[in-house]
Amino acid sequence: FVTHVLQNHGKAFEYRGRRVRNQYQVLSNNALKTLYRTSCEVNRKEALTYANKWMTNLQNFSELYEVDGPDVNSYTSLIGISGKAYEIEQAEEWFEEMKSDVVGIEPDTLVYNVFMDVYANNLQTTSKFQEDGTRVEGVIDGEVARAKIEKLFKELQQSNKYKPDSDSYKILIKLLSRVNTTAAASSAEYFAQEFLSLQEIGAIGTSELGEKDDYLHNAMIYAWAGNDSDLAFERAKWWFEKAEKTLIATPVTYNTMMHVYSDRAETDRNACVEVEKLFDRMVRNRIEPSNTTYSTVMTIWSKHKSRDSTAKVLYWFDRHHDAFTRNPSIRPTTREYNIALMALSKTSNLEENSERRRDLIQNARQIFREMTHGSNADIRPTTVTYGAMIKIISKSPKPNAWREAKSLLVECIDNTRTDQGMNMDGVRPSGQAFSSVLAAMGNASSRNPLIAIEADEVMELFREIQSCFRLRMHPQTMQNFFRVLASSNNKRAGLHAEKWMTLYPDIFSYSPSMQSSDVLSMQHLYRMAIESWSSFEQDSDAYERANAIYIQAPDVVKTSPFVLMGLMKVASSNKSADSPLKVKECLDQIRNLCEAEGNANSEFFEDIGRVQLMTACSNSAGDHFEIATETFEVQKASGRPLRDNFILRYLFCIKNSLDPGVDRDDLVKKIFQLACYHGAVSPQMLRLLHTLLPANDYSAIVPRDIPNEWIANVKADRRAYHDIHSNSRRRR
């Protein structure tokens with residue numbers, strides 16, 4: 001019938017009989033009413049287009065044949081259809097036209113209710129999807145809508161012919177409850193008490209919308225639920241207990257009251273316990289919990305950041321399944337499965353024990369298998385499912401976890417592909433899923449050139465589907481990708497970084513409105529992009545390419561010592577003859593920045609800078625032993641510990657610059673004694689020492705049984721130092 005109405009709106013002009021002409025108003029109103037009630041089932045914009053055509057035809061028909069034209073029912077339907085199509089301005093125009101002197105139709109109570117409902121359903125606090133999958137945010141600000149709807153309500157109160165009915169109050173309170181401010185909640189409280197007073201004396205009626213009796217109490221609980229204050233909590237509790245006492249409480253009433261504890265649940269475990277008590281209270285009052293009840297309890301427990309909260313979520317997940325075996329009407333839905341997976345994904349961030357983390361991952365895999373291969377065809381993975389699973393797998397301690405995470409991402413994307421292109425209504429990958437896969441790769445990419453290629457493939461997948469699903473490249477995603485490049489030792493990592501910086505220039509642009517956290521993120525992003533050139537060990541052009549990125553960076557990036565550390569790392573890994581001079585130049589810039597800003601981390605930057613300078617001296621094709629020795633003495637004189645990598649690099653400089661002989665042997669022994677004193681002996685150092693010293697000298701200073709504490713880089717005490725000198729075994 002709806003299809004017939006949409007396709008045959010002009011057929012009535014084919015009839016010329018007087019009787020049919022007189023019925024055209026009835027036909028038009030029926031068509032408009034049908035479109036109003038079914039516009040959620042068809043395309044909302046298309047429904048509004050046809051409604052406007054019906055209205056135009058009705059106006060033309062009435063002028064041509066002098067029969068009845070649009071009446072109050074016509075305008076009521078048009079206002080409602082405009083609201084459902086998110087066209088508030090058009091709804092306002094129809095309302096004003098109706099009251100104008102030209103038309104002269106006085107709005108009745110139903111018109112006011114429908115018009116107020118337009119504002120209530122189009123707040124910016126709500127999110128909707130059009131039929132094509134496009135997300136539509138509410139088109140009117142909450143406070144603006146509140147002012148407009150209160151004005152309409154007062155107009156209705158002041159009307160000589162019509163007065164507010166029960167639905168007028170409930171629609172007004174519905175909007176006020178969604179504005180989510182203390183002032184709006186107080187206003188809702190005033191109108192709710194006024195409504196109850198009128199109801200007690202029987203001075204209020206009902207309209208065609210027919211809201212349920214429990215709606216008022218539920219809306220008032222919801223109105224106070226969004227306000228984090230003791231007064232708001234007490235008022236929500238008062239309305240809940242009133243609904244319980246008057247025996248009009250429903251599962252929705254209890255579910256709404258549970259949401260009152262939602263904001264407190266993150267830090268207060270007692271809030272979660274109180275929600276469980278509400279559930280028990282509900283059962284005692286012989287009110288059957290709904291699917292939403294179970295999912296609400298699970299959601300509130302999942303907000304509490306602790307390890308046992310996930311166990312509670314899984315407990316309620318299993319309890320829901322047990323209840324389903326007794327009552328098939330409360331079958332678990334995809335929502336409950338997703339809540340369980342989301343809780344597991346949050347706990348994986350808190351869990352440091354690798355064995356416990358593996359158990360969490362196994363639980364997640366089991367839930368995911370039930371969704372993909374379970375007997376219930378209505379429960380299948382969604383965008384949230386894949387996002388949570390990928391995040392969980394990316395936290396796995398296994399080095400190849402990124403392969404499983406990437407496989408899940410590819411599976412999610414493949415589920416959207418059809419012969420005609422991407423399925424916009426199906427499962428769609430989220431931007432966070434890509435970021436999680438790249439983070440997993442970053443955890444495993446150390447010195448692995450192949451992972452950089454895999455990461456580039458993930459970025460290409462993102463670029464392929466980005467426009468289809470309107471995904472936004474988040475700076476964290478790019479940062480995770482650059483982290484893979486910087487640590488992968490891939491010879492083409494710098495070229496990959498340049499390519500993606502060109503494809504997404506907006507991410508690297510600075511805005512004065514940026515918050516401090518966004519600025520720090522941008523600085524880290526530039527540092528990773530610069531460090532991606534550190535693998536070009538044989539390419540003398542690498543430092544110049546990295547320096548070009550630094551030069552084009554915004555000033556807030558250039559003044560960051562961390563970014564200069566990235567440039568210094570590139571210079572130190574380059575084998576050109578002047579690389580130590582470039583490192584020294586970067587170190588001087590860092591020192592000047594720290595002095596100018598009074599940076600408390602100046603000693604940290606100095607230590608790292610000297611390690612990089614020593615690395616450059618050991619890698620450089622030129623002879624920079626004097627710079628290396630000066631750097632070593634300065635670090636030793638600073639009184640701060642000498643790190644194993646720093647000493648090791650100095651030993652390499654000695655090997656490359658000094659000829660074998662007694663002087664070199666004595667210097668090596670002296671450096672090794674310092675390494676022992678500072679607990680900076682590593683297996684790599686011992687292997688180098690074996691090549692530098694004659695066999696007799698090596699065995700004289702190194703015990704036969706190499707202490708485990710050396711290998712673990714645990715600081716040795718003075719007794720161990722003297723034991724080495726006396727060539728005796730350590731007795732510990």
Side-chain angles (χ1 to χ4, degrees), residues 116-117 120 123 125-126 142 145-146 149-150 153 164-204 206 209-265 268 270-290 292-293 295-297 299-300:
M116 288 191 293
D117 209 37
L123 295 181
T125 54
T126 61
R146 174 190 168 194
I149 201 171
E150 287 183 352
F153 190 82
D165 59 13
S166 61
D167 283 336
S168 307
Y169 279 93
K170 290 174 182 177
I171 292 168
L172 172 62
I173 292 168
K174 175 173 71 172
L175 180 138
L176 294 172
S177 70
R178 293 178 179 177
V179 174
N180 203 20
T181 64
T182 303
S186 300
S187 183
E189 180 82 21
Y190 169 80
F191 285 110
Q193 296 293 351
E194 182 179 284
F195 168 75
L196 291 177
S197 301
L198 293 172
Q199 194 179 49
E200 285 180 5
I201 62 176
I204 194 165
T206 59
L209 296 181
E211 297 286 4
K212 296 180 180 179
D213 291 338
D214 67 325
Y215 185 85
L216 176 69
H217 297 74
N218 298 343
M220 285 309 305
I221 297 170
Y222 188 80
W224 289 111
N227 295 271
D228 188 17
S229 66
D230 293 337
L231 172 63
F233 180 78
E234 290 302 323
R235 292 311 303 162
K237 196 173 179 181
W238 184 88
W239 281 99
F240 170 73
E241 291 175 350
K242 189 175 187 304
E244 257 193 338
K245 289 176 183 177
T246 53
L247 302 178
I248 62 171
T250 64
V252 176
T253 310
Y254 285 89
N255 298 342
T256 309
M257 187 61 199
M258 288 177 180
H259 279 292
V260 175
Y261 294 93
S262 181
D263 291 337
R264 305 182 179 197
D268 186 3
N270 290 330
C272 305
V273 175
E274 288 298 324
V275 168
E276 289 187 332
K277 290 180 180 178
L278 272 176
F279 184 94
D280 296 336
R281 190 167 165 179
M282 182 179 185
V283 174
R284 283 197 306 270
N285 291 335
R286 297 181 179 180
I287 296 177
E288 186 70 36
S290 63
T292 305
T293 309
S295 65
T296 301
V297 178
T299 299
I300 290 174

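Values below: all heavy atoms of this structure, side chains included; hydrogens, waters and symmetry mates excluded.
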Which pair of heavy atoms, one from E288 and one from P251, lies closest together, and at what distance? O-CG, 3.5 Å
Sub-4.5 Å side-chain heavy-atom contact between S186 and Y190: no
Do the ring planes of Y169 and F195 sit parallel (below 30°), tilted (30 to 60°) or perpendicular (above 60°)? tilted
T292 to T296 - nearest heavy-atom pair and separation: O-OG1, 2.6 Å
Quick one: does N285's side chain have a donor or acceptor within less than 3.5 Å of a partner on I287's backbone? no
Please list, chain by chain and in numerical order, all residues satisfying side-chain hydrogen bond (donor to acceptor under 3.5 Å, both in side chains) with R264, sequence neighbours excluded. none
Shortest non-hydrogen contact from A236 toward M257: O-SD, 3.9 Å
Within a reach of under 6.0 Å around OH of Y222, are more than 12 heavy atoms found that belong to other residues, nucleotides or ligands? no
Test item: Q193 and L196 side chains (from C-beta on) under 4.5 Å apart, heavy atoms: yes
Considering only distance and modelled atom types, tabulate donor-acceptor pairs under 3.5 Å from the side chains of residues 271-278, sequence neighbours left out.
residue	atom	partner	partner atom	Å
E276	OE2	W301	NE1	3.1
E276	OE2	K312	NZ	3.3
E276	OE2	W316	NE1	2.8

Does a side-chain heavy-atom distance below 4.5 Å link K174 with R178? yes
For a quick test of reading the model, state the closest non-hydrogen atom pair linking T253 to A243 and the distance between them. CG2-CB, 4.0 Å
Roughly how far apart are L172 CG and M116 CE, rounded to 0.5 Å? 6.5 Å
Around atom CG of D280, are there more than 12 heavy atoms of other residues, nucleotides or ligands at under 6.0 Å? yes
For A145 and L123, work out which heavy atoms get closest and say how close. CB-CD2, 3.4 Å
Would you mind listing every salt bridge (charged side-chain N to carboxylate O under 4.0 Å, His left out) that reaches into residues 246-260, with sequence neighbours excluded? none
If you define the side chain from C-beta out and look only at heavy atoms, does anything of F233 sit under 4.5 Å from V260? yes
Determine whether the side chains of T293 and S290 contain a donor N or O and an acceptor N or O closer than 3.5 Å. yes
Is it true that Y254 and F279 have ring centroids separated by less than 6.0 Å? no
Electrostatic pair E241-K245, nearest N-O below 4.0 angstrom: no
Which heavy atom of T256 sits nearest to which heavy atom of N218, and what is that distance? CG2-O, 3.5 Å
M220 versus W238: any side-chain heavy-atom pair under 4.5 Å? no
Using a 4.5 Å cut-off on heavy atoms from C-beta on, say whether the side chain of Q199 contacts that of L216. no
Value rounded to 0.5 Å, distance of CG in L198 from OG in S166: 11.0 Å
Any side-chain heavy-atom pair from L176 and E150 closer than 4.5 angstrom? yes
